[in-house]
Amino acid sequence: MPELPEVEALSAFLAEQLVGREIDRVYPVAVNVLKTYDPPVTALEGRTVTAVGRRGKFLVITAGGGADELHLVIHLARAGWLRWQRKMSAEPPHPGKGPLALRVRLVDPPTTGFDLTEAGTKKGLAVSVVADPAEVPGIARLGPDPLDPAFTLAALRALLAGERRQLKGVLRDQSVLAGIGNAYSDEILHVAKMSPFKLAAKLTEPETEILHRAIGDTLRDAVERSRGLAAGELKAEKKIGLRVHGRAGQPCPVCGDTIREVSFADSALQYCPTCQTGGKPLADRRLSRLLK
Ligand SMILES: [Zn+2]
């Protein structure tokens, strides 16, 4: 799933391609991705893109041209992706079994635009057309953006105070911090050398400082690495840059210990026992529950 750094890079890439260009046609190929119906997606046709931005993991394409601005808000979810197309067919796409979910074609150059695709059977890709991005419930709920200068140490301290959950769950909760998901929460905790199961409220002041720095450094590094990459190159770059996430069984790049995996909520997390949990592997609670 694309997280803050990938969506940030995607937003910068799209801003270069789209700003100042007029939208010719919008084809909702898989109607189930549309989360709003009024105005219809076709209301974007004939409008000129004025800005592309990011809110958490949401991509926001703003188009003016009419009396009021409209925003095309995209959440790529687990298996959604955006493909930039330089040679699009002039014919409308046919709904079918393929991954194509929505196509946006530009007036000029005439065969360019982008496709939103989604692989697999678990559909999560979500597209909305709204007058204000805050009308999208997922955006209205977002906590502060960790790359916003307003996200200071004091801001993190306030977010963690009285927080009874474990760090792993807190970091990827979009209503606490916007944009961090399963991958970068693993990375941040590895950089901070903290157990994913540590209780957030138990962090000492020096630990809060370490975590604050780890959040900023990890995300800024990832944004830096993906800057300037085209949409098609981002997934590979994300994989290369990860230190522990998705690397169970491989050596930790810091200490050489074997990276381990443990189930967490609806998925799994990866961590280094030597760097993060005093050398002790975390108990897989799902597994131990089954054994009881
Ligand atoms: Zn390690």
Side-chain angles (χ1 to χ4, degrees), residues 1-9 57 78 146-147 151 153 156-157 159-160 163-174 176-177 179-227 229 234-289 291:
M1 178 197 258
E3 299 179 26
L4 183 155
E6 293 77 45
V7 181
E8 179 77 22
K57 299 182 213 168
R78 219 171 263 262
L147 293 187
F151 178 64
L153 174 60
L156 177 64
R157 198 186 295 128
L159 288 176
L160 298 181
E163 176 56 74
R164 301 162 69 104
R165 289 175 296 166
Q166 296 161 323
L167 285 178
K168 172 72 181 178
V170 172
L171 284 177
R172 57 174 217 174
D173 180 344
Q174 300 305 295
V176 176
L177 279 173
I180 302 170
N182 207 23
Y184 288 101
S185 54
D186 281 352
E187 297 298 297
I188 288 164
L189 290 168
H190 183 253
V191 170
K193 293 190 171 356
M194 285 174 194
S195 168
F197 288 174
K198 194 177 175 72
L199 292 178
K202 295 239 166 112
L203 250 59
T204 62
E205 181 60 21
E207 284 172 335
T208 308
E209 264 185 71
I210 289 169
L211 182 63
H212 183 259
R213 208 176 311 127
I215 293 170
D217 288 352
T218 305
L219 296 175
R220 267 188 296 272
D221 280 0
V223 167
E224 206 47 56
R225 276 199 312 273
S226 37
R227 195 187 298 280
L229 291 183
L234 286 169
K235 274 193 207 169
E237 174 53 46
K238 177 182 179 185
K239 256 192 182 154
I240 294 166
L242 296 174
R243 298 150 47 119
V244 287
H245 184 75
R247 296 194 182 277
Q250 296 177 31
C252 166
V254 173
C255 72
D257 190 4
T258 304
I259 294 164
R260 287 182 181 250
E261 177 171 283
V262 68
S263 62
F264 185 84
D266 56 345
S267 59
L269 65 82
Q270 288 85 38
Y271 69 101
C272 167
T274 297
C275 289
Q276 295 175 258
T277 57
K280 272 185 289 183
L282 295 167
D284 197 321
R285 289 172 304 169
R286 196 144 57 182
L287 189 64
S288 33
R289 215 181 304 140
L291 293 174

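Start at 1 and go down the list; that is how both ligands and their atoms are numbered. Being a predicted model, the structure only gives us computed values, none of them experimental.
- Between Ser267 and Arg172 there is a side-chain heavy-atom pair separated by less than 4.5 Å.
- Partner of Asn182 under the side-chain hydrogen bond (donor to acceptor under 3.5 Å, both in side chains) criterion, out of Lys168, Gln270, His245: Lys168 alone.
- The set of protein atoms (N, O or S) found at less than 2.8 Å from the Zn ion (ligand 1) reads Cys252 SG, Cys255 SG, Cys272 SG, Cys275 SG, by chain and number.
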Under 3.5 Å, side-chain donor or acceptor atoms of residues 216-224 against the rest of the protein: list the pairs with distances, not counting sequence neighbours.
residue	atom	partner	partner atom	Å
Thr218	OG1	Ala214	O	2.6
Glu224	OE1	Arg227	NH2	3.2
Glu224	OE2	Arg227	NE	3.4

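- Qualifying side chain to side chain contact (heavy atoms under 4.5 Å, CB included) partners for Ser195, counting only residues two or more places apart in sequence or in other chains: Phe197, Lys198, Thr277, Leu282.
- For Phe151, the ring-ring contact (aromatic ring centres under 6.0 Å, His included) test picks out His212, with sequence neighbours left out.
- The two residues Ala200 and Glu163 come nearest to each other via the heavy atoms CB-CG, 3.5 Å.
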